[in-house]
Amino acid sequence: MTFFITIIRKGFLLTLGLAGFLILSYTLYRRVFKITLFGDHMQEPGDFLGALETNEDFCLRFTGNRICQTENAAQCRTRVQRWKKEQEVKEILMKLDQIMPSISFTDIMTTTSARNSKATILNQKGSYCIGDSLIVRLDLYNHLGKRKEYGGDFLRARIYSSSLRAGASGRITDYKNGTYLVNFTLFWEGDVRVSILLIHPSEGVSALWAARKKGYDKIAFTGTFLNGTSRVCTKCGFVIERNAELCEYLDERDQEAFYCVKPKNVPCEAFVLLTTDNKPITYLTSLEQSLFRRDNIGIEIPQSFGEIRVLSCNRSTTMMARDKCTIGMNLPVPSGYALQEVWHPQFCSVSDFSTLDRIQECLKKKKIYLMGDSTLRQWIYYLTEKVATLKLFDRHSAGPFKTHIALDLERSTFIQWKRHGNPFVSRKLFSVKDGNYITNEIDRLAGDKDTVIAITLGQHFRPFPMDLFVRRLLNIRRAIHRLLLRSPETRVIIRTENTREMDTDMERLGDVNGYPQNLAIMDIFQGLNVGFIDAWDMNIAYAIYDVHPPDHVIWNQIIMFLTYIC
C-alpha cells in the first residue's frame, strides 16, 4: 500500500512538473513575442524597428498574415513602418486634444466677456528694474457677470512702449478655472504698458477646433488639364467621391496623396494648373458663428493699473545678452523682444549685418533653399532689394507662386524659393509643376557646409484637419534627419508661421487654427539640430496683424537667419 501511494505521488509530481514546464515555456514564448512586437517598457524607442527588421517571423505575425512567404518580408516591414507612423500622428493629435478645450454652450451670455473680466498685478511695486518679472493675474467672467469655472480662452498678452517702438509677449498659464497668470519679462527701461486681448472665448475655441476635424471640404480645388490646345477643368482634392474615375498623385514612401477626377480622354499626366476657392459650407452653428463677428474678436481686458515704471538699476539690456545664436538652441517663451523696432532674441545674440559688405560676405558661396509659403517668399524679395548685387533670375514663368531664383554671380550666391506641395490655397491659378513636397526637395540635396535650408509652412494647412499637417511635419522631420546623417554640416532653419488678420475667415484661416500648428512644429522638430525663428512671437511683440509682416519685421527675421548660417 505504501509503495502504491509512493508511485502515485511520484506520478503526480512528474505530471505537475511537466505541466509547470509547459506553462513556463508558453509564458516565456509570449513574453519574447510581446517584447519583440511592442517593446519592453525599458526598451529604447529606436529598438522597436530594429527588432522588427531582424526577425521576419514576428513581423509576419504582427500583420496577421501567417501564410506570408519570406519574399514578402520587405512589404511586411513597410506595413509595420506605416502603422508606426500613424501611431506617431495619433499621439500628437491626442496631445493637442488635451490642450484645446472641449466645451458646449446654449447661451452666448454664458461665454467669456472681456469687458466683465479684469487684470491685476500680483507683484505691484512703485518701480521695477530691467530683467524683473511683472506678474499679472486675469480673472475672467461671462456676460452675466458670473466667474468662469473653466479655461481654454484664446488670449494675446503684450507689453509695449510706443515711444520706444518696443514690445514683447507674455507667458500665459491657464489654471483651467477662469484664472490665468501672465508673466512678463521687463526687457527695457522706460514707461511700459500692458495689453491683454481676448481673441476668442473658450467656447469659440472649442467650436473652431471641433469644426476643423469635420472634413476636407471647406476648400474647393479645381484642376486644369491640357488636352492638346484646349483646357479641361475638373474637381480635385484630398477626398473625392469614390464612384468617379480618379487620377491619384501619390508619394508612395510618405503616403502623401492628392486626387483629381479624371477628365474623359485626357491622361492624368496632363494635369498642369490648380486653383482654389472657399466652399459655401460651415460646421459652426449660427450661435457659434456669432462669436466670430469682428466686434467680438480681440477685445481688451480692463486693468486696474496704468503705466509700469522700469528703471535701469545699473543693469542694461546687454546683461541679458547671451552667446551668439547657433543651430540647436531651444526657444524660450517669450523668445525675445523688440526695441527701436530691432529684434533682440532672449536666448542668444544676433550678429551685426548693418552694412552691405557684411551681408554679402555672409552670403558668399552659399546655396540657400527657401521652402514653403509666401511668408518665406518675402525673404527673397527683401534680400534682392537690400543687396544690389543679388538679382532675380527670369525663368520666363508666370505668377507669384513660380519658383524664384536670385543670383550673385560675382560671389557665387544662389538663393531659391519654392512653394510647398498641396495644400496650397489661392484663387490665382498656379502651376502644379512648380511646387513639390518639401521632403522630396530635401532628399534631392547632397548638402555641405555652404548649403542652407529654411522651411515655413502652416498658413495653407489651416482649413484642413490637423492630421494632414502633423503627417507632413513628421515626413519633413524624417527627411531632415536623413539629410543631417549624410551631411551634418548642412544648416536647417525652421521659421514658425505667424499670426494674421483679425477680420479673416476664422473657421478656415484664423489663428486658433495656427496656434496648435505652432505647438506641433515645436514638438516635432525638438531635438533635431536645427535653428528656430519664432515668427509667431515676433508678430505679437510688434503687434502685427497681417499674414505678410512689414519690411522691418522681415529684416529682423533675416538677421536671425544670417546669424545662424554665418
Side-chain angles (χ1 to χ4, degrees), residues 158 160 165-169 325 331 334-346 348-356 358-360 362-363 366 368-392 400-406 408 413-420 426 452-460 491-501 504 511 514 518 521 531-566:
R158 175 178 180 259
Y160 66 97
R165 293 176 293 169
S169 68
C325 301
L331 285 179
S335 62
Y337 65 97
L339 181 62
Q340 300 297 346
E341 289 191 348
V342 175
W343 183 253
H344 301 269
Q346 183 183 351
C348 61
S349 61
V350 295
S351 302
D352 181 7
F353 292 102
S354 57
T355 66
L356 180 60
R358 288 176 177 172
I359 301 170
Q360 289 174 325
C362 178
L363 294 176
K366 294 290 191 302
I368 298 173
Y369 298 88
L370 308 178
M371 305 177 182
D373 57 35
S374 58
T375 62
L376 199 56
R377 186 186 61 201
Q378 287 183 273
W379 286 17
I380 198 170
Y381 285 163
Y382 188 91
L383 280 169
T384 51
E385 291 177 2
K386 185 88 172 177
V387 182
T389 55
L390 195 61
K391 303 293 185 181
L392 282 171
F401 306 123
K402 65 184 179 183
T403 299
H404 290 56
I405 293 174
D408 184 338
T413 300
F414 171 91
I415 304 176
Q416 174 185 281
W417 174 82
K418 194 169 190 176
R419 68 169 181 83
H420 63 70
S426 173
V452 185
I453 297 171
I455 299 170
T456 292
L457 73 168
Q459 296 284 349
H460 294 263
R491 264 72 62 87
V492 180
I493 314 299
I494 307 295
R495 177 197 175 279
T496 70
E497 65 170 301
N498 49 252
T499 59
R500 62 181 304 157
E501 301 83 1
T504 191
D511 283 342
N518 260 10
I521 288 170
F532 288 99
I533 297 175
D534 195 344
W536 185 280
D537 195 48
M538 279 184 163
N539 262 27
I540 294 175
Y542 283 107
I544 303 299
Y545 303 101
D546 191 339
V547 68
H548 295 115
D551 283 352
H552 67 275
V553 178
I554 295 301
W555 175 232
N556 279 286
Q557 293 174 8
I558 293 174
I559 288 175
M560 277 206 73
F561 172 74
L562 296 177
T563 301
Y564 276 131
I565 70 174
C566 296

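These numbers come from the heavy atoms of this one structure, side chains and all, not from hydrogens, waters or symmetry mates.
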My understanding is that only residues two or more places apart in sequence, or in another chain, count here; which of them pass side chain to side chain contact (heavy atoms under 4.5 Å, CB included) with Ser169? Pro334, Asp537, Ile540
Listed partners of Ala168 passing side chain to side chain contact (heavy atoms under 4.5 Å, CB included), at least two apart: Ile159, Phe187, Trp188, Tyr337
Taking disulfide (SG to SG under 2.5 Å) as the cut-off, I'd like each qualifying pair that reaches into residues 533-566, sequence neighbours left out, listed once. Cys362-Cys566
N/O donor-acceptor pair under 3.5 Å between Trp555 side chain and Leu383 backbone: no
Side-chain donor or acceptor of Gln557 paired with backbone N/O of Ala535 under 3.5 Å: no
Please enumerate all residues that pass side chain to side chain contact (heavy atoms under 4.5 Å, CB included) together with Asp546, with sequence neighbours excluded. Glu501, Ile544, His548
For the atom pair CG (Asp534) and CG (Asn498), what is the distance rounded to the nearest 0.5 Å? 10.0 Å
Under 4.5 Å between any side-chain heavy atoms of Ile521 and Asn518, yes or no? yes
Find the distance between CD (Gln459) and OG1 (Thr504) and round it off to the nearest 0.5 Å. 9.0 Å
Name all residues meeting the ring-ring contact (aromatic ring centres under 6.0 Å, His included) criterion together with Phe414; count only those two or more places apart in sequence or in a different chain, and write none if there are none. Tyr369
Measuring from Ile558:CD1 to Ile359:CD1, what's the distance to the nearest 0.5 Å? 8.5 Å
By salt bridge (charged side-chain N to carboxylate O under 4.0 Å, His left out), which residues pair with Lys366, not counting sequence neighbours? none
With side chains defined as the heavy atoms from C-beta onward, is the minimum distance between Ile565 and Ile368 less than 4.5 Å? yes
Those residues that, when tested against Asp408, pass salt bridge (charged side-chain N to carboxylate O under 4.0 Å, His left out) (two or more places apart): Arg411
To the nearest 0.5 Å, tell me how far Leu331 CG sits from Ile533 CD1. 9.5 Å
Considering residues at least two apart in sequence or located in another chain, which fulfil the ring-ring contact (aromatic ring centres under 6.0 Å, His included) criterion with Phe532? none
If only atom types and distance count, is the side chain of Arg165 paired as donor or acceptor with the main-chain N or O of Glu341 below 3.5 Å? no
Using side chain to side chain contact (heavy atoms under 4.5 Å, CB included), reason through Ile453 and Met371 one step at a time and then give a plain yes or no. CA-CA 7 Å; Ile453 297 171; Met371 305 177 182; 4.0 Å; yes
Residue set satisfying ring-ring contact (aromatic ring centres under 6.0 Å, His included) with Trp379, at least two apart, ordered chain then number -> Phe561
Minimal heavy-atom distance between Pro549 and Ile554, with the atoms involved, is O-CG1, 3.7 Å
So, using ring-ring contact (aromatic ring centres under 6.0 Å, His included) as the criterion, who are the partners of Tyr542 when residues are at least two apart? His552
Closest non-hydrogen atom pair between Gly458 and Asp373, with its separation: N-OD2, 4.1 Å
To the nearest 0.5 Å, how far apart are CZ in Arg419 and CG in Leu376? 14.5 Å
Quick check: does any side chain N or O of Glu497 sit under 3.5 Å from a backbone N or O of Val547, one acting as donor and the other as acceptor? no
Report yes if the side chains of Leu363 and Leu562 come closer than 4.5 Å at any heavy-atom pair, otherwise no. yes
Can you measure from CG (Asn556) to CE (Met538) and round to the nearest 0.5 angstrom? 5.5 Å
Asp352 versus Arg358: any side-chain heavy-atom pair under 4.5 Å? yes
Side chain of Asn539, backbone of Thr499: donor and acceptor closer than 3.5 Å? yes
Apply salt bridge (charged side-chain N to carboxylate O under 4.0 Å, His left out) to Asp511 and list each qualifying residue two or more places apart in sequence or on a separate chain. Arg156, Arg462
Can you find a pair of side-chain heavy atoms, one from Trp343 and one from Ile559, that are under 4.5 Å apart? no
Check Leu356 against Lys386 and note the closest heavy-atom contact, atom names and distance. CD1-O, 3.9 Å
Can you sort out the partners of Tyr381 under side chain to side chain contact (heavy atoms under 4.5 Å, CB included), two or more places apart, ordered by chain and number? Arg377, His404
So which heavy atom on Thr384 is nearest to which on Ile380, and how close? OG1-O, 2.9 Å
Answer yes or no: is there a donor N or O on one side and an acceptor on the other, between the side chain of Thr563 and the main chain of Ser351, under 3.5 Å? yes
